[in-house]
Amino acid sequence: MKSSVKKAIIVSMVVLAAGMAFAAINEKEAIEIALQDAGVTREEASWLRAHEDRDDGLRYFDVEFRTDEGEWDYEIDSESGNIIGFDFEKFRTAAPAASFDRPQAEEIALADAGLSREEASRMRVETDRDHHRIVYEIEFFGEDAEYDYEIDDNGIILKASWEKRGRIAGDRDARLSENEAEEIARKALSSDADNLSVWEDFDDGRFWYEAKAVIGDYVYEVDITGSGDVNSISREYIEYRR
C-alpha cells in the first residue's frame, strides 16, 4: 500500500515538474506583455497581430503592432514570458502627400543637376512608397550624362547620381597613384570630405578608383578611371541608410 502511495506521489511530482518546465504563456498574454513594455494600450495599438514561432529549438511569440509614433515588433519567450527581442521603427513626420507633388520633385532634381527642363530629355518619373513615405524616382538625361534621383514627399533628396554617357575615355593601361586619385575625388566633390577613402580596382582590363566620403548629411561615392576621368558620382542621405 505504501509502495503504491509513493509511486502515485512520484508520478504526480514528475507531472507537476513537467508542467512547470513546459508551462507556456498564451498568445493573449504575450500581447499584453508587449503592450505593457511599450507603454501602449489596446486602444492605441493598430494592425495588432501575434503568432508563435520556433527558432533553433526556442519557442517564442512574435508580436507586432503600430501606433501613431511607429511600428513595434516583439519576440517573447513562450515558456518564460521574457522579452528576447525588440525593435521599434519610428515613423517619419511627413507632410500630407497633397502638399508635395511630382512637378515639385522634378524641379528639385533638375535644380540639383543644374539643368533646365529644356536641357533634360527622356525624363521618367515613378512614384513608390518606402518607410511609410512617398518617394519619387526620377531619371533623365543631360547632354553627356544620365541622372537618377529619389526624392521623398518632404522634398529631401534621398539618393542622387550622375554617370557619364557613351564610351569610357582614357587608355586601358592608364593607372593613377592613390594620392592622384584622392586629389581628383576631392576636386570632384568640391568640398571638404570627412573620412575620405580611396581604393584601386581592376575591371574589364582597366584600372578603376573608387572613393567614398561623408559630406554633411550624405555619403558620397566617386568612380574614377585610370586616366583620371570622373565617370560617376552618387550620394545617399545618411538617415535613409539606417
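Because the structure is a prediction, the values reported are computed rather than measured. Starting from 1, each residue takes its place in the sequence as its number.
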Next item on the list: Decide ring-ring contact (aromatic ring centres under 6.0 Å, His included) for F88 and W72; before the verdict, give the C-alpha distance in whole Å, the side-chain angles of both, and the deciding distance to 0.1 Å.
Entry: CA-CA 5 Å; F88 172 66; W72 308 73; 4.2 Å; yes
Margin query: Could you go through I156 and D217, starting from their C-alpha distance and side-chain angles, then the distance that decides it, and tell me whether this counts as side-chain contact (heavy atoms from CB on, under 4.5 Å)?
Written below: CA-CA 11 Å; I156 297 175; D217 294 328; over 6 Å; no
Next item on the list: Could you check R124 against E137 for salt bridge (Lys or Arg N to Asp or Glu O under 4.0 Å), going step by step and ending with a plain yes or no?
Entry: CA-CA 8 Å; R124 184 172 66 87; E137 299 176 354; over 6 Å; no
Item checked: Test side-chain contact (heavy atoms from CB on, under 4.5 Å) applied to R59 and E52, step by step -> CA-CA 7 Å; R59 293 165 51 229; E52 192 171 23; 3.2 Å; yes
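In this structure, the side chains of T127 and R102 stay at 4.5 Å or more apart for every pair of heavy atoms. F140 has its side chain within reach of L115: a pair of non-hydrogen atoms, C-beta onward, lies under 4.5 Å apart. Counting only heavy atoms from C-beta outward, the side chains of E27 and H51 never approach each other to under 4.5 Å. You'll find the side chain of E75 stays beyond 4.5 Å of the side chain of D55, heavy atoms only. The side-chain heavy atoms of V63 and L48, taken from C-beta on, include a pair separated by under 4.5 Å. Residues E71 and E64 have side chains in contact (heavy-atom distance under 4.5 Å, counting atoms from C-beta outward). Contact check for V219 versus K212: side-chain heavy atoms found under the 4.5 Å cut-off. Contact annotation: the side chain of E69 never approaches that of V40 to less than 4.5 Å [non-hydrogen atoms, C-beta and beyond].
Note that OH of Y60 is 11.0 Å distant from CZ of R54, once rounded to the nearest 0.5 Å. In this structure, the separation between OG on S80 and CD1 on I25 is 7.5 Å, given to the nearest 0.5 Å. A distance of 10.5 Å separates CG in L158 from CZ in R235, rounded to the nearest 0.5 Å. In this structure, CD1 in I224 is found 12.5 Å from CG in D201, a value given to the nearest 0.5 Å. Expressed to the nearest 0.5 Å, how far CG of D112 lies from CD1 of I138 amounts to 10.5 Å. Put simply, CD on E139 and CD on E126 are 7.5 Å apart, with the number rounded to the nearest 0.5 Å.
Under the 4.5 Å side-chain contact rule for hydrophobic residues, I233 and W199 do not share a cluster. Both F202 and Y209 are part of a single hydrophobic cluster, where members link through side-chain heavy atoms under 4.5 Å apart. Neither I31 nor W47 shares a network with the other; the hydrophobic side chains, linked directly or stepwise wherever heavy atoms of I, L, V, M, F, W or Y lie under 4.5 Å apart, form separate groups for each. In the hydrophobic clustering of ILVMFWY residues, with side-chain heavy atoms under 4.5 Å counting as a link, Y147 and Y237 come out together.
Contact record, A45 with L35: CB-CD2, 3.9 Å, taken as the closest heavy-atom pair. Closest non-hydrogen pair, E44 versus G39, comes out as OE1-O, 4.1 Å. Listed here is the closest heavy atom pair of L110 and S116: CD2-O, 4.2 Å. Across every non-hydrogen atom of A30 and I76, the tightest pair is O-CD1, 3.2 Å. The two residues K164 and V230 have their closest heavy-atom pair at CE-O, 3.3 Å. In plain terms, the two heavy atoms of A113 and Y149 that are nearest each other are N-OH, 3.3 Å.
The backbone N or O of E79 sits less than 3.5 Å from a side-chain atom of D77, completing a donor-acceptor pair. A donor-acceptor pair under 3.5 Å links the side-chain atoms of R165 to the main chain of G142, judged by distance alone. The backbone N or O of I134 sits less than 3.5 Å from a side-chain atom of D153, completing a donor-acceptor pair. No donor-acceptor pair under 3.5 Å is formed between the side chain of Q36 and the backbone N or O of I33. With hydrogens and angles disregarded, a donor-acceptor distance shorter than 3.5 Å links the side chain of D101 to the backbone of Q104. Using modelled atom types, one side-chain atom of N26 and one backbone atom of K28 make a donor-acceptor pair closer than 3.5 Å.
Around the CZ atom of R42, the shell of radius 6.0 Å holds more than 12 heavy atoms that belong to other residues, nucleotides or ligands. Heavy-atom neighbours of E183 CD from other residues, nucleotides or ligands within 6.0 Å: at or below the threshold of 12.
Between Y74 and the options D37, D62, D87, a side-chain hydrogen bond (donor to acceptor under 3.5 Å, both in side chains) holds for only D37.
Side-chain contact, N231 with T225: no donor N or O sits under 3.5 Å from an acceptor N or O.
Note on ring orientation: taking the six-membered ring where Trp is involved, the planes of F100 and Y136 are tilted (angle from 30° to 60°). Taking the six-membered ring where the residue is Trp, Y218 and Y220 present perpendicular rings, their angle passing 60° and hence far from 30°.
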